[in-house]
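Bear in mind that the values here come from a model prediction, so they are computed numbers and not experimental data.
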Amino acid sequence: MGERLSIKTERDEQQLFNSRAIVAGLIVLFALGGIMTRLYFLQIKEHAAYTELSKQNYQKHIPRAPTRGQIYDRNGVRLADNHAQYVLEVVWDSVPDQNGDGKKRWNDMQLMLERLTKIVPLSEKDLRVFGQQVNRRSRYQPTPLKENMTEQEMAMFAVNKSRFPGVNLERRMQRYYPLGTVASHVIGYVGRIDDRDLERLDKSNYAGTSHIGKIGVEAAHEGRLHGQAGYDLAEVDAHGRHQDMIERKEAVGGQDLILGLDINLQLKAEALLKGERGAVVAIDPRNGEVLAMASVPTFDPNLFVDGISSKVYSELRDDPDRPLYNRALQGAYPPGSTVKPMNTLAGLYEKVIWPGKTVYDPGFFQIPGHKHRYRCWKKSGHGGVSMDYAIAQSCDTFFYDMAYRMGVDKFSGYMSLFGFGKKTGVDLTSESDGLMPTPEWKQRRYKQVWYPGDTVNIGIGQGYWLATPIQLAHATASVAMRGKRIRPHVLRAVRTAKNKPEQILEPEVIAQIPARDQRHWEMVVQGMVHVVHASYGTAKRIGVGAPYTIAGKTGTAQVFGIAQNARYDASRLAKRLHDHALFVGFAPADNPQIAVSVIVENGGGGSSTAAPIARRVMDAYLLKKYDDEEPSEEKGEVEPADIVPRVEGAEE
């Protein structure tokens, strides 16, 4: 039986047609929907973006970098300036296609640079830095190629300008430090913007800026110094040549900064440290203004502005004297006996000592039940020692005994009130915390328990205790102000425009250090006065002929450990193993105007090395004696008589 044939009817044909029509209609509908969606996306949602792209065919947005603010000392001496230079700049997007294939590549840039080098000499450094910078910028932004163009180089380029589309000669302001190495650690320097800077910067505000503050005031106050960028909106032809100016927004220059530094005092402090490694910090205790901050050796910040060479940087980095190291802010040293006045206040507050208490000093201290002797600097001992005499003579045994009786928790707790173990908060970069040790710290750091001997050692500013020169100056200023802690600051005032007055910054009071009796402050200050002006004071030599009263404290920080019964002999040790010399003080004692800390690395005794430096710094500021000679007993000045006699007595 044959197959059965199916014959299509008119109805079947109509159904087939209808189904195909519906499918075709749906396809057309979806296609129209896609087109409408795309038109909506292009003409409405992304209208602004594509309009901007269209404008870029005939408009160019050229950033205008603001002029960086200048930096002055408190007397108007300019510390950081700007001077004009001419710079060759390249806009990558405007460099023509060199191969004729209609595509712009890095090869096109290299071919252009090869031709340009025959007109304007370009060093390997110029090309290397340009290559680094151009990859960090937009293709539409100018990138510096050669700075500090000479007149001859500018003339040669001007004649051949038409041969190099996209390359322009522009006038730019460059940072300059007229005093060179002076106060370089404080002022800091600017350098070229790198990848790390770009991660945190407002790119729109730095579009036309090539340099940024790296350290010091330049970095800490970058926001004030930089200003606000502007722009030019120019009409250009198909070759990128300017035809007409459409719009201009002027850049707003950065603020001028007036520092608290007295540059004459700074020069004096640096000169007094010449040939040594050390630091001097001077603060006005009344408002926290930093008057001087010397760290020696120094460096020339001008070396960094255009990009320092690898050779020169390596020499600075590898120099054993570490000129790039800011000792005033980053140097952490055992404070030695300079902290004994603060220790005394802790003992009075915790009622471990009292004004009439005396301790017998046989030349050493022993923890009860232990044979080890913690030696006093005076081998034969001081005999009966009162609180006042202990400060003036820097009797170690008195402070060993006091710290042991107080215990580490109370001792470290009270010392932290002076700011030890944490940053002062001065408005500069890279400040160190120092170290105020505690049992918890030792356990974390060394996995060891705290021993009573550790407490004894920090009682005289040794052991694990580390402090920076600015911390010592800050703590000394707090003593001068009878417990009022004012945050130290370098910036004194700002000026938003040349024709506007300075805006003086208000001092920031951090805290009031507590005391059981306000008279305790005066007792401790009196002990510091006796350090300098009593015949038994360890720094009596610097008090000779002083027309004002100095309150001070010497210190000697041990660098090289010696055996229990051995004798320290500096003449048999290398210079870098000698003790550090320290001194802290303020003046006038009854009306403090300057507080000073001095550290001379491996300088020996604080009384013989650091104290004379402090006296001459105080003379320079208070008496305006910038060319004085060191006070000397041989010159005939009269040594003052004893103010308070030495107290003898038995140990209580």
Side-chain angles (χ1 to χ4, degrees), residues 6-66 89-112 133-143 165-168 193 195 197-209 228-252:
S6 175
I7 300 174
K8 293 181 179 180
T9 65
E10 185 177 346
R11 181 181 178 185
D12 292 336
E13 291 288 346
Q14 187 63 41
Q15 287 179 344
L16 179 61
F17 174 80
N18 291 341
S19 61
R20 288 177 176 176
I22 291 171
V23 171
L26 289 173
I27 292 173
V28 171
L29 186 62
F30 279 120
L32 288 173
I35 293 171
M36 294 300 294
T37 301
R38 185 60 178 165
L39 288 173
Y40 169 79
F41 182 80
L42 293 174
Q43 297 188 18
I44 299 177
K45 189 174 181 61
E46 296 294 327
H47 173 77
Y50 284 101
T51 300
E52 185 63 29
L53 286 174
S54 176
K55 285 182 178 179
Q56 288 180 7
N57 291 325
Y58 67 93
Q59 293 179 357
K60 181 175 287 187
H61 194 276
I62 306 168
R64 296 174 61 86
E89 294 183 340
V90 180
V91 179
W92 189 347
D93 189 63
S94 299
V95 175
D97 171 22
Q98 304 288 326
N99 296 320
D101 60 2
K103 298 180 180 179
K104 293 183 180 181
R105 301 184 180 89
W106 178 245
N107 289 340
D108 297 326
M109 181 73 78
Q110 289 180 314
L111 289 171
M112 184 276 291
Q133 295 292 316
V134 75
N135 290 322
R136 298 187 182 117
R137 293 172 179 264
S138 165
R139 298 171 65 95
Y140 307 101
Q141 292 179 3
T143 302
V167 183
N168 302 301
I193 294 174
D195 290 333
D197 297 323
L198 288 173
E199 291 176 0
R200 59 184 177 84
L201 290 177
D202 177 358
K203 293 181 177 58
S204 62
N205 195 33
Y206 279 80
T209 302
Q228 294 293 319
Y231 63 84
D232 286 343
L233 187 60
E235 185 177 322
V236 296
D237 62 16
H239 300 286
R241 291 189 291 262
H242 292 197
Q243 300 298 313
D244 193 14
M245 182 66 66
I246 300 174
E247 182 184 355
R248 167 170 289 181
K249 179 184 177 183
E250 295 292 342
V252 179

Please identify each residue that fulfils salt bridge (charged side-chain N to carboxylate O under 4.0 Å, His left out) with R200, with sequence neighbours left out.
D197
With [X], which residues qualify under side-chain contact (heavy atoms from CB on, under 4.5 Å), at least two apart?
{"X": "L39", "answer": "I35, M36, Q43"}
{"X": "Q14", "answer": "F17, N18"}
{"X": "A65", "answer": "T209"}

Which residues pass the side-chain hydrogen bond (donor to acceptor under 3.5 Å, both in side chains) test with S204, not counting sequence neighbours?
D202
Does CD in Q228 sit with more than 12 non-hydrogen atoms of other residues, nucleotides or ligands closer than 6.0 Å?
no
In terms of heavy-atom contacts, R64 and K249 come closest through CD-O, 3.9 Å
Using residues 23-33 as the side-chain source, report each donor-acceptor pair under 3.5 Å to any protein atom, sequence neighbours left out, with the distance given to one decimal.
none

